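What follows is a short report on a single structure.
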Amino acid sequence: MITVLGIGPGSPELRLQGTENLLQQATLVIGSKRQLAGFDIPAEKQLVLPKLALLKKVLVEQYDQKVVLLSSGDPLLYGIGSWTLRQFGPDDVTIIPGISSIQYMFHQVGLAMNDAYFTSSHGRIPDFDFLLAHKTIGMVTDEVIGPYQIAQEVVHRHQKRAIYIGEQLSYPEECISQFQPEAVPDKKYKMNVVIITNA
């Protein structure tokens, strides 16, 4: 059985109860180096997340074991939970939800999530005409299409918007900023979420 465990945006205080029990019962815990470092897991029970083709092979080989696959944020909101369900089906996969970084960001800036559109630019090129037709958008970004590039798309369409940028959310280095689109700095942003809403 595979358990995909949502571990929230980063802070241990934002993990759901039962997380530690699941990890103690697991025969193998798979996650990124950053994810694994957040828990006290014996070295022999850890596996640093490999590429997806190899991950599938490992999961098939460990089919009769209790495998926990760590997922930052919520597994089914642009997380690895969707991939796992596609590969193995709902009968062999248990998904444990977590607080997503997008959800956390909305709460930090005091914006309601009602009717917001959630998406990601991670490894994909968004349809900005479609996205910016929405009143409020929450987006996980990557290094290719990040806050600056998103802001430029807003500027290009002459929209009056407020842009919130949250970096390192829930970590001690957390930084949340608000800008007008034309004022968003062109720089590298660390582990960030962008909210676009009407000004």
Side-chain angles (χ1 to χ4, degrees), residues 1-59 61-63 65-85 87-88 92-109 113 118-123 138-143 146-147 164-177 188-195:
M1 173 62 81
I2 304 163
T3 298
V4 184
L5 176 60
I7 59 174
S11 171
E13 296 177 356
L14 297 176
R15 296 173 190 153
L16 299 186
Q17 288 187 347
T19 295
E20 294 293 342
N21 287 341
L22 284 169
L23 294 176
Q24 289 175 7
Q25 296 169 12
T27 54
L28 180 64
V29 179
I30 304 172
S32 69
K33 290 181 180 180
R34 179 177 58 82
Q35 291 168 339
L36 293 169
F39 299 95
D40 184 18
I41 304 169
E44 64 273 14
K45 285 177 54 173
Q46 294 187 28
L47 176 65
V48 175
L49 185 68
K51 292 185 177 180
L52 292 181
L54 181 54
L55 174 60
K56 182 175 181 179
K57 182 175 184 291
V58 170
L59 293 175
E61 291 172 349
Q62 299 287 327
Y63 185 78
Q65 302 297 311
K66 293 182 178 180
V67 178
V68 171
L69 181 57
L70 300 179
S71 175
S72 293
D74 185 90
L76 292 179
L77 186 59
Y78 296 100
I80 200 165
S82 300
W83 175 87
T84 311
L85 285 171
Q87 302 303 314
F88 297 95
D92 295 317
V93 178
T94 299
I95 305 287
I96 307 297
I99 296 173
S100 73
S101 57
I102 293 178
Q103 179 185 8
Y104 175 88
M105 177 69 170
F106 270 82
H107 285 76
Q108 288 298 92
V109 300
M113 293 186 290
F118 296 160
T119 188
S120 170
S121 67
H122 189 79
M139 183 184 298
V140 178
T141 82
D142 65 7
E143 294 181 356
Y164 297 87
I165 303 169
E167 300 178 81
Q168 306 278 69
L169 293 174
S170 85
Y171 288 93
E173 304 82 9
E174 175 177 290
C175 178
I176 296 177
S177 307
K188 289 187 177 181
Y189 294 84
K190 297 180 179 179
M191 289 174 57
N192 68 89
V193 168
V194 171
I195 296 175

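Since this is a predicted model, take the numbers as computed values, not measurements. What's counted below: heavy atoms across the whole structure, side chains too, no hydrogens, waters or symmetry copies.
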Grab the two heavy atoms, one from [X] and one from [Y], that are nearest each other, plus how far apart they are.
{"X": "Ile165", "Y": "Pro147", "result": "CD1-CB, 3.5 Å"}
{"X": "Phe106", "Y": "Phe118", "result": "CE1-CE2, 3.7 Å"}
{"X": "Ser101", "Y": "Val193", "result": "OG-CG2, 3.4 Å"}
{"X": "Leu14", "Y": "Ser170", "result": "CD1-CB, 3.7 Å"}
{"X": "Ile195", "Y": "Met105", "result": "CD1-CG, 3.4 Å"}
{"X": "Thr119", "Y": "Tyr78", "result": "CA-OH, 3.2 Å"}

To the closest 0.5 Å, what do you measure between [atom1] ([X]) and [atom2] ([Y])?
{"X": "Leu23", "Y": "Arg15", "atom1": "CG", "atom2": "CZ", "value": "8.5 Å"}
{"X": "Glu20", "Y": "Gln25", "atom1": "CD", "atom2": "CD", "value": "11.5 Å"}
{"X": "Leu77", "Y": "Ser71", "atom1": "CG", "atom2": "OG", "value": "9.5 Å"}
{"X": "Leu169", "Y": "Ile176", "atom1": "CG", "atom2": "CD1", "value": "5.5 Å"}
{"X": "Leu69", "Y": "Ile96", "atom1": "CG", "atom2": "CD1", "value": "12.0 Å"}
{"X": "Gln103", "Y": "His107", "atom1": "CD", "atom2": "NE2", "value": "5.5 Å"}

Would you check if [X] and [Y] make a side-chain contact, meaning some heavy-atom pair closer than 4.5 Å?
{"X": "Pro97", "Y": "Leu76", "answer": "no"}
{"X": "Asp92", "Y": "Ile2", "answer": "no"}
{"X": "Val4", "Y": "Leu85", "answer": "no"}
{"X": "Ile7", "Y": "Phe39", "answer": "yes"}
{"X": "Ser72", "Y": "Arg34", "answer": "yes"}

Within a radius of less than 6.0 Å around [atom1] of [X], do more than 12 heavy atoms belonging to other residues, nucleotides or ligands occur?
{"X": "Asp40", "atom1": "CG", "result": "no"}
{"X": "Glu44", "atom1": "CD", "result": "yes"}
{"X": "Gln65", "atom1": "CD", "result": "yes"}
{"X": "Lys45", "atom1": "NZ", "result": "yes"}
{"X": "Tyr171", "atom1": "OH", "result": "yes"}

With sequence neighbours excluded, residues passing salt bridge (charged side-chain N to carboxylate O under 4.0 Å, His left out) with Glu174: none
Backbone N/O of [Y] and side chain of [X]: donor-acceptor pair under 3.5 Å:
{"X": "Glu167", "Y": "Cys175", "value": "no"}
{"X": "Ser11", "Y": "Glu13", "value": "yes"}
{"X": "Gln46", "Y": "Ile41", "value": "yes"}
{"X": "Asp74", "Y": "Gly98", "value": "yes"}

Candidates Val58, Val68, Ile80 - the one meeting side-chain contact (heavy atoms from CB on, under 4.5 Å) with Ile30: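 Exactly one option meets the side-chain contact (heavy atoms from CB on, under 4.5 Å) with Ile30, and it is Val58.
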